[in-house]
Amino acid sequence: MSNQETPVVDVNEQITLRKQKLADKRKQGIAFPNDFRRDSLAEEIATEYGDKEKSELEELGKKVKVAGRIMLFRNMGKASFITIQDMSGRIQSYVRKDAVGDEVYEDFKTWDIGDIVGIEGTVFKTNKGELSVKASSIRLLTKSLRPLPDKWSGLSDQETRYRQRYVDLIVNQQSRETFIIRSRVVKAIRDFLESRDFLEVETPMMHVIPGGASARPFETHHNALDMPLYLRIAPELYLKRLVVGGLEKVFEINRNFRNEGLSTRHNPEFTMLEFYWAYADYNDLMDLTEAMLRYTVETVLGKTVFESGGETYNFGKPFERMTVLEAIMKYQPEITLEQLTDMDKAREVAKRLKLKLEDSWGLGRVQIEIFEEVAEHKLIQPTFITAYPAEVSPLARRNDEDPFITDRFEFFAGGRELANGFSELNDAEDQAQRFKEQVEAKDAGDDEAMHYDADYIRALEYGLPPTAGEGIGIDRLVMLLTDSLSIRDVLLFPHMRPE
RNA sequence: GGGUUGCUAGCUCAGUCGGUAGAGCAUCUGACUUUUAAUCAGGUGGUCACAGGUUCGAUUCCUGUGCAACCCA
C-alpha cells in the first residue's frame with residue numbers, strides 16, 4: 001500500500017499541487033523516512049535556554065535535534081524563518097541557504113505549512129530576542145497533502161472540530177489543553193484512590209443482564225453463543241460482587257453506554273469513576289469525595305478557586321450539605337414541608353410547576369421531580385444533597401430512622417449532577433424484593449426499569465459487608481474544570497451522525 | 001419530539017431589495033540573508049449544503065431533505 005496514491009475525495013488545487021510534490025519526492029527515494037531521532041522538545045529548549053542572553057547562547061553553541069509540523073513559513077529569499085510545533089509547543093527555526101546547502105534550500109522552499117520536518121541546529125536568539133534553532137540541516141519527514149486552516153483564526157466550525165479532531169488539535173491550543181487537563185484529572189483521581197489503598201479493577205463491558213442503573217442499554221449479539229449481550233450501563237453490580245469476594249476497596253474508571261438522546265450533557269458513551277468501600281457509609285463517602293475533589297482541583301489547576309461558565313467556584317471551603325426537601329424549600333420558600341410530605345399536596349405542587357406525573361409514581365418520585373425542577377440548576381457551588389427517597393434508589397440502603405428515605409447523596413456543582421453515592425443495600429432478601437418491583441415496573445412499560453439479576457442476589461447471599469459506593473461522571477467534572485459548555489468539547493471523538 | 005438559527009473559496013467571513021459572487025489568510029509567480037499573523041507587486045481558485053417549486057432568470061424568494069449549533073419538552 002505504501003507506494004499507492006492516496007485516494008482523496010474532495011480534491012482542490014492546493015491538494016493536487018501537494019500530491020504532485022509528493023510524487024516528485026517518491027521519485028527521489030524514500031518519501032516517508034523514519035530514521036530521524038529528535039533529542040529536544042520545543043518547551044524543553046525554552047525552559048532551559050529561554051532566559052539566556054544572545055551572546056551566552058552563541059558561546060554555548062548548544063546543538064539540538066527537533067522535529068514537528070511547520071505552522072508558519074516566512075521565506076525571505078536566501079533565508080527563511082519557520083515555526084514548528086511539537087507535542088510540547090512551538091519553536092522557531094532559522095534556515096539559511098548557505099547553512100543547509102543550495103540543493104536542500106531550493107527543495108525546502110517548495111515545502112508547505114503542515115509538512116513535518118526534522119531539524120538539526122544550534123540554539124540561538126535572533127536580533128529581536130526570539131529563541132530559535134539555527135538549522136545546519138533540515139529534512140522533510142512527512143508530506144502533508146491537505147492545507148491547514150487559517151493560521152490566525154484557526155478552526156472555529158464546531159462540526160469540523162468534532163468530526164476532524166486531528167485538525168482541531170493541530171490548530172487549537174485550547175482544545176489540546178482541555179484534553180491534557182482531562183488526562184490530569186483521571187491521574188489525580190487514580191493517585192488519590194490508590195494512595196488510600198483502593199484497588200483498580202476492570203469488570204465486563206458486555207453484560208448478559210444490564211444492571212446497576214436505570215437506563216436503556218445498547219444491544220449486541222454474541223455469534224458463537226448465539227445470545228444477546230448488552231453494553232454495560234454501569235459496573236456497579238460487578239464491583240459489589242468483588243467486595244463480596246473480599247476486595248474491600250475497589251474502583252474502576254471506564255466507559256458506560258446508555259442508549260439515550262444526545263445533548264450538551266449526554267453522549268451515548270461516557271466515562272464514570274465507580275468505587276466501593278467496605279465498612280464505610282455514605283457520610284464517609286461524602287468526606288472522601290470532598291477530599292478527592294479538592295485534591296483533584298488543586299492538583300490539576302494549581303488552585304481551589306476557579307472560574308467556569310461565568311461563575312466562581314470554591315472547592316477549598318467545606319461543601320454544603322442539605323437534604324432533598326431542604327433544598328426544595330431553600331430555593332422555593334413558598335413550598336412547605338407539609339406540602340412535600342403529603343401525596344395529594346405534593347402532586348398539587350408538581351401540577352403548579354407544570355410537571356407531568358405518572359399515576360403510578362409514589363410520593364418519593366414526585367418529590368424528586370419537584371427537586372429537579374426548582375433546585376437542581378441552582379446548585380452552583382459544590383453541594384451534597386442527601387436523603388433520597390427509597391422509591392428512586394433501588395440499590396441504596398434504607399435509612400435506619402426513616403425507611404422512606406435511603407442513606408444516599410448526590411453531588412452537584414454548576415447546576416449539574418456530578419456524583420451519586422450511597423450506603424449499599426446488602427440485605428439479599430430486600431434486594432430480591434426490590435428487583436421484583438423493578439421487573440413489575442418493566443412489565444408495566446417502564447423500559448428503564450431494571451432486570452432481575454439472580455447471580456447478584458446469590459452473591460449478596462454470601463454476604464456483602466456493610467459498604468458504601470459511588471459513581472462520579474468524569475466528563476462532567478472535566479467540563480467544569482475546563483470551562484466547557486458541551487460534553488463534546490471534552491470527548492476526543494464525540495458521537496456524531498454520519499456525514 | 002417541538003422551535004430558532006446557520007451551511008458561500010482549503011480556513012475565517014462579507015454580499016447579492018432575484019440578473020450565477022467578494023475580502024483576509026492559505027496557494028501560485030516574482031523581489032527580499034534576523035522575520036514575528038514578515039513585507040511588497042501580480043495571478044489562480046466557487047455546482048453559493050442537497051433536491052424540488054415560483055420566475056424570462058434562483059446562490060438570493062418558497063417548500064422539503066441532510067448536517068450542525070442553541071432553546072424548550
Side-chain angles (χ1 to χ4, degrees), chain A residues 8-21 46 54-55 57-58 69-85 89-102 104-106 108-115 121-136 138 143-168 170-173 260-267 309 350 353-358 369 372-373 377 484-489 494-499:
Chain A
V8 177
V9 189
D10 47 345
V11 183
N12 69 27
E13 184 197 17
Q14 294 189 46
I15 292 176
T16 307
L17 253 156
R18 285 170 179 236
K19 282 170 74 74
Q20 186 53 52
K21 289 176 182 175
K54 185 171 161 64
S55 55
L57 289 172
E58 267 163 34
R69 191 184 293 277
I70 300 176
M71 301 305 291
L72 296 170
F73 200 129
R74 294 183 286 278
N75 181 332
M76 302 180 328
K78 297 187 183 65
S80 299
F81 287 94
I82 60 172
T83 300
I84 65 165
Q85 175 171 288
R90 294 182 173 194
I91 188 156
Q92 177 174 269
S93 179
Y94 181 45
V95 184
R96 286 171 62 127
K97 188 174 186 176
D98 58 13
V100 299
D102 292 4
V104 170
Y105 193 79
E106 288 311 306
F108 162 76
K109 281 202 290 186
T110 69
W111 301 353
D112 295 293
I113 289 174
D115 287 354
T122 316
V123 179
F124 82 113
K125 267 190 180 168
T126 64
N127 291 340
K128 300 277 168 65
E130 178 157 347
L131 191 68
S132 310
V133 174
K134 191 179 288 180
S136 54
I138 184 165
K143 184 68 199 168
S144 168
L145 298 177
R146 287 174 177 265
L148 286 177
D150 189 287
K151 66 186 173 190
W152 188 242
S153 33
L155 180 65
S156 57
D157 182 73
Q158 290 284 40
E159 189 175 348
T160 312
R161 290 187 51 218
Y162 297 146
R163 288 190 195 279
Q164 300 182 45
R165 185 65 88 184
Y166 35 91
V167 179
D168 180 43
I170 291 170
V171 299
N172 291 330
Q173 166 72 11
E260 291 161 357
L262 299 145
S263 80
T264 50
R265 289 176 298 282
H266 298 88
N267 196 66
L353 294 166
K354 293 178 180 137
L355 299 174
K356 283 177 194 154
L357 303 181
E358 303 279 337
E369 295 289 323
E372 287 177 357
E373 175 67 19
H377 62 283
S484 298
L485 292 172
S486 169
I487 194 171
R488 289 179 160 185
D489 293 321
H495 184 77
M496 303 286 280
R497 286 191 176 83
E499 282 180 82

Give one of base, sugar-phosphate or nothing for R161(A), where a contact means two heavy atoms less than 4.0 Å apart.
nothing

Under 3.5 Å for both donor-acceptor distances, Watson-Crick or wobble: does A38(B) have a partner, and if so which one?
none

I need the CE-P distance between M496(A) and A69(B), as an integer number of Å.
5 Å

Atom pair distance, as rounded to whole Å: CD in E159(A) and C1' in C70(B)
15 Å

Determine whether any donor atom in the side chain of T126(A) lies under 3.5 Å from an acceptor atom in the base of U36(B), or the reverse, and answer yes or no.
yes

Base, sugar-phosphate, or nothing: which does F124(A) touch, judged by heavy atoms less than 4.0 Å apart?
base

Whole-angstrom distance between C13(B) and A73(B), as gauged at atom P
30 Å

Answer for the Watson-Crick or wobble partner of C17(B), both distances under 3.5 Å, is none

State whether the distance check finds a donor on one side and an acceptor on the other, under 3.5 Å, for side chain E13(A) versus base U27(B).
no

For I15(A) and P147(A), the nearest pair of non-hydrogen atoms, with its separation, is CG1-CD, 3.9 Å

Donor-acceptor pair under 3.5 Å, D150(A) side chain vs G10(B) base
no

Looking only at side-chain N and O atoms, does K128(A) come under 4.0 Å of OP1 or OP2 in U34(B)?
no

Partner of U5(B) under the Watson-Crick or G-U wobble criteria, both distances under 3.5 Å, comes out as A68(B)

If only side-chain N and O atoms of R96(A) are considered, is one of them under 4.0 Å from the OP1 or OP2 phosphate oxygen of U34(B)?
no

Tell me the interatomic distance from R497(A), atom CZ, to G66(B), atom C1', rounded to whole angstroms.
10 Å

Taking CD from E130(A) and P from A38(B), how many angstroms apart are they, rounded to a whole number?
11 Å

Specify whether F108(A) and Y105(A) have parallel, tilted or perpendicular ring planes, treating 30° as the upper limit for parallel and 60° as the lower limit for perpendicular.
tilted

note: R18(A), atom CZ; U27(B), atom C1'; distance rounded to Å ~ 9 Å

From CD1 of I91(A) over to P of U35(B), roughly how many Å is that when rounded to an integer?
18 Å

When rounded to the nearest Å, what value does the distance between P atoms of G43(B) and C48(B) take?
25 Å

Taking atom types as modelled, find out whether Q173(A) and R90(A) have a side-chain donor-acceptor pair closer than 3.5 angstrom.
no

Using atom P in both nucleotides, what's the gap between U8(B) and A41(B) to the nearest angstrom?
30 Å

So, is R74(A) near the phosphate of A38(B), with a side-chain N or O under 4.0 Å from OP1 or OP2?
yes

Determine whether a donor-acceptor pair (one donor, one acceptor, N or O, separation below 3.5 Å) exists between the side chain of Q158(A) and the base of A69(B).
no

In Watson-Crick or G-U wobble terms, both distances under 3.5 Å, what is the partner of U59(B)?
none

Ring geometry between F81(A) and Y94(A) (parallel below 30°, tilted from 30 to 60°, perpendicular above 60°)
parallel

Under a 3.5 Å limit on both distances, the Watson-Crick or wobble mate of U44(B) is none

A69(B) P sits how many Å from L155(A) CG, rounded?
14 Å

Please confirm whether the shortest side-chain N or O distance from S156(A) to OP1 or OP2 of C13(B) is below 4.0 Å.
yes

Does a side-chain N or O from N12(A) land closer than 4.0 Å to OP1 or OP2 of G45(B), or not?
no

For K356(A), answer base if it contacts any base atom (sugar-phosphate contacts may also be present), sugar-phosphate if it contacts only those atoms, and nothing otherwise; contact means non-hydrogen atoms under 4.0 Å.
sugar-phosphate

Using a heavy-atom cut-off of under 4.0 Å over every strand shown, decide if L148(A) touches base, sugar-phosphate, or nothing.
nothing

For G30(B) and K109(A) - does any side-chain N or O of the residue sit under 4.0 Å from the phosphate oxygens OP1/OP2?
no

Rounded to whole Å, the CD1-P distance (I487(A) to C70(B)) equals 13 Å

Closest approach of L357(A) and A350(A), non-hydrogen atoms and distance?
CD1-CB, 3.6 Å

Could you check which nucleotide pairs with G10(B) in any of the strands shown, counting Watson-Crick or G-U wobble with both distances under 3.5 Å?
C25(B)

